[in-house]
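To start, the structure under review is shown below, and the notes come after it.
Quick caveat, the model's predicted, so the values are computed rather than measured.
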Amino acid sequence: MQQKIRFQIEGMTCQACASRIEKVLNKKDFVESAGVNFASEEAQVTFDDSKMSVADIAKIIEKTGYGAKEKTEDTLPQPEAEHHIGWRLWLLFAINIPFLIGMAGMMIGRYDWMIPPVWQFVLASIVQLWLAIPFYKSAWASIKGGLANMDVLVTIGTVSIYLYSVYMLFFSPHAAHGMAHVYFEAGVMVIGFVSLGKFLEHRTKKSSLNSLGLLLKLTPTQVNVQREGEWKQLPIDQVQIGDLIRANHGERIAADGIIESGSGWADESHLTGESNPEEKKAGGKVLAGALMTEGSVVYRATQLGSQTLLGDMMNALSEAQGSKAPIARVADKAAAVFVPAVVGIALLTFIVTWLIKGDWTVALMHAVAVLVIACPCALGLATPAAIMVGMGKAVKHGIWFKDAAAMEEAAHVDAVVLDKTGTLTEGRPQVAAVYCVPDSGFDEDDLYRIAAAVEQNATHPLARAIVSAAQTRSLEIPAAQNAQTVVGAGIAAEVEDVGLVKAGKAEFAELTLPEFSDGVWDIASIVAVSVDNKPIGAFALADALKADTAEAIGRLKKHGIDVYIMSGDNQGTVEYVAKQLGIAHAFGNMSPRDKAAEVQKLKAAGKTVAMVGDGINDAPALAAANVSFAMKGGADVAEHTASATLMQHSVNQLADALSVSRATLRNIKQNLFFAFFYNILGIPLAALGFLNPVIAGAAMAASSVSVLGNALRLKRVKID
């Protein structure tokens, strides 16, 4: 049986590490697929659990030189510890200071600013023989695992500089005359710059890139719980399902639950992307993480922790951020051969420079600069860093992508297929027009009152719509007796002070409708009303468009996206809705199979198709589309089939999703360009001697941080 499992990976230093783990796992016959995300430090493995256990897979990963800890959905992701500069980095900074001063002096001709060679040796030895040990361990584990990572390059380069300088200081012919050329400062500063770069990279990946930390803060640590008739403040982990919890103004909801008493307003934008607070009163639902902006409620906990909607979203986001986008294959292929190629280029640089310059010292410095400038980290971070930020931005707007591949595909969408009912429309009928028979003696309010008196005895959606409309008008609805339903025709009852009232189809109420200029009568459901068998009027009930639907369609068109309506409703109704929205392609009377077939036709014509729906009948078309969106709370099969879930029942969220996806893909391409351009430019400059090892080390550290900084720009991108 196929099982999907996630691991938190420890010890990776660059994309080459991630590529190695992937390669080892994908070679196993029991593994269907394995992907390792360097930015999120996570592996996702789909395997046959009848042939291998989760523990066995963890051991395979550990044999490649990395730690592996299983991640499950039983508990919420844990908050990351604060990332402070440790003693090792502070000591490195302190040792670097005299070398920085000395190098600054050499740049202006003050060679006396550099500390004496013996003291350079002492400080460099502390760095190389102690503080650089983590680099050696990582490099050795990498080599044992059958690959060479970034730490291999740093180790070869800095150890070469150190050993050369030791030889020149103590063993060369020039040493006795105090004229030895030593480069201890290069090795010390390379270790310092690279360590700083790693710290900044790690802190950014764990905090700024990842939106999980912000979501974790939405759950209160202490809550007011009723125990033994008294209110007590307890830690969140002591709350149980069924407990009564109180949330006052300004406090967060700790669990999904049902309100027992109280009322107020709650901000649930963390889940839905909807900025307007929701009114909460007895019998209503509350969701974990919501902020009580007004009032106070007492609610009974029905779901806790990972079982809440917030917990589900956090686990979904964690899994989605850990997945890999197809475009990442570009960086993966490059990283797989990158380090061995750089070692070869460095060796070639050493030989050629020695032959041309005749000075093996200069040749060594050029070769070390090549080793140090090359950084596969920027390549490895280019795609996942942008995906992590993009996923977080999508969630902030109430959009849950299942994985990175779905987000990348959404960026290419140029055709959108929309279901009508519940997607473009409210999904419930409303009174769209009213007709009163002339000279009947009844006005519009009378028509509403009389019809509602009868229809309140029925359960049909059309009946409920008429009763609701009468109540909205604050009309007094008279009592009705002896209600009788005529199947397929309507309902009749005796209404006090009125007579026998019939409400239903036109022929049931003996009404012949005149010709109307308003096209809504041609597509609406008609409920005619008669009193004592004399028609007095009729209602046209239609499924109203959602308030923001027209705006959403306009946004899609603005980006050159073709919009199609495909509905099981009759063609006239679909065309009427399409005309209101300015949509050129409208298909009615479509079965689920018809919808899926039409989507396939669009794909065959070269379109990248997004399908939006919320019903069981939409599932085949959702599966057929390139990327699909289901409305939260719709049919389970639709949500399961779709590539992403929209928390609001709004096409505007679809437009948001496509906009975020396009911005994310642009950011990925920018990152990849920068990462490739950095190495294409940096390696030749280092080989030709225009960059010394110290500058190369600083540039290498800056490259990863720059890619991460560019990814973070996505947080400020405006959705259009």
Side-chain angles (χ1 to χ4, degrees), residues 13 85-108 110-140 150-199 343 346 350 359-375 686 689 691-702:
T13 60
I85 296 179
W87 64 265
R88 176 178 167 272
L89 201 50
W90 280 120
L91 185 55
L92 270 172
F93 288 164
I95 292 174
N96 267 267
I97 290 174
F99 289 107
L100 281 168
I101 294 172
M103 288 196 67
M106 286 190 289
M107 295 175 74
I108 60 173
R110 294 298 302 270
Y111 294 93
D112 57 318
W113 287 14
M114 182 64 77
I115 59 177
V118 172
W119 281 108
Q120 292 183 44
F121 164 72
V122 171
L123 293 178
S125 296
I126 293 173
V127 171
Q128 212 70 53
L129 303 179
W130 179 31
L131 299 179
I133 287 177
F135 286 93
Y136 305 153
K137 287 182 176 179
S138 173
W140 177 241
M150 178 192 75
D151 289 337
V152 172
L153 299 180
V154 173
T155 297
I156 293 173
T158 57
V159 169
S160 298
I161 292 173
Y162 176 75
L163 294 177
Y164 166 79
S165 298
V166 169
Y167 169 78
M168 293 300 293
L169 180 61
F170 295 110
F171 304 107
S172 76
H174 303 288
H177 302 91
M179 299 176 60
H181 294 287
V182 294
Y183 298 94
F184 288 116
E185 76 281 357
V188 170
M189 295 179 72
V190 165
I191 294 292
F193 281 129
V194 174
S195 296
L196 176 61
K198 281 189 173 186
F199 168 76
V343 173
F350 178 80
D359 187 337
W360 71 281
T361 302
V362 174
L364 179 62
M365 290 300 103
H366 288 197
V368 170
V370 169
L371 290 171
V372 174
I373 193 70
C375 179
L691 296 175
N692 64 44
V694 174
I695 301 299
M700 184 188 75

- Qualifying side-chain hydrogen bond (donor to acceptor under 3.5 Å, both in side chains) pairs, either residue in residues 116-126, two or more places apart: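 Of all non-adjacent pairs touching residues 116-126, those that pass side-chain hydrogen bond (donor to acceptor under 3.5 Å, both in side chains) are Ser125-Tyr162.
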- Item | Stepwise side chain to side chain contact (heavy atoms under 4.5 Å, CB included) check, Val152 with Trp140 | CA-CA 8 Å; Val152 172; Trp140 177 241; over 6 Å; no
Search all heavy atoms of [X] against all heavy atoms of [Y] and return the closest pair with its distance.
| X | Y | result |
| --- | --- | --- |
| Pro693 | Val190 | O-CG2, 3.2 Å |
| Val370 | Ala686 | N-CB, 3.7 Å |
| Phe350 | Ala367 | CB-CB, 3.8 Å |

I need the [X] [atom1] to [Y] [atom2] distance, nearest 0.5 Å.
| X | Y | atom1 | atom2 | value |
| --- | --- | --- | --- | --- |
| Ile161 | Leu371 | CD1 | CG | 9.0 Å |
| Ser195 | Leu92 | OG | CG | 5.0 Å |
| Met365 | Tyr164 | CE | OH | 6.5 Å |
| Phe135 | Ile156 | CZ | CD1 | 14.0 Å |

- Message: So, using side-chain contact (heavy atoms from CB on, under 4.5 Å) as the criterion, who are the partners of Ile101 when residues are at least two apart?
- Response: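 Ile101: side-chain contact (heavy atoms from CB on, under 4.5 Å) contacts with Ile97, Trp113.
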- Ile95: partners by side-chain contact (heavy atoms from CB on, under 4.5 Å), with sequence neighbours left out: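 Applying side-chain contact (heavy atoms from CB on, under 4.5 Å) to Ile95 gives Leu91, Phe99, Leu123, Ile126, Val127, Leu131, Val188.
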- Item | Val154 backbone acceptor or donor facing Thr158 side chain under 3.5 Å |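 Pair found, side chain donor or acceptor close to backbone of Val154.
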- Message: Checking Tyr136 now: which residues fulfil ring-ring contact (aromatic ring centres under 6.0 Å, His included) with it, not counting sequence neighbours?
- Response: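 Tyr136: no ring-ring contact (aromatic ring centres under 6.0 Å, His included) contacts found.
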- Message: Do Pro98 and Glu185 have side chains that approach each other closer than 4.5 Å (heavy atoms only, starting at C-beta)?
- Response: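 A side-chain contact under 4.5 Å is absent here.
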- Query: Does a side-chain heavy-atom distance below 4.5 Å link Val166 with Phe170?
  - Reply: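 Val166 reaches Phe170 side chain to side chain.
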- Matching residue for Met189 among Asn96, Ile695, Asn692 - test: side-chain contact (heavy atoms from CB on, under 4.5 Å):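 Considering Asn96, Ile695, Asn692, a side-chain contact (heavy atoms from CB on, under 4.5 Å) with Met189 is found only for Asn96.
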- Please identify each residue that fulfils side-chain hydrogen bond (donor to acceptor under 3.5 Å, both in side chains) with Ser165, with sequence neighbours left out.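 Testing Ser165 for side-chain hydrogen bond (donor to acceptor under 3.5 Å, both in side chains), a comparison that skips the adjacent residues, returns none.
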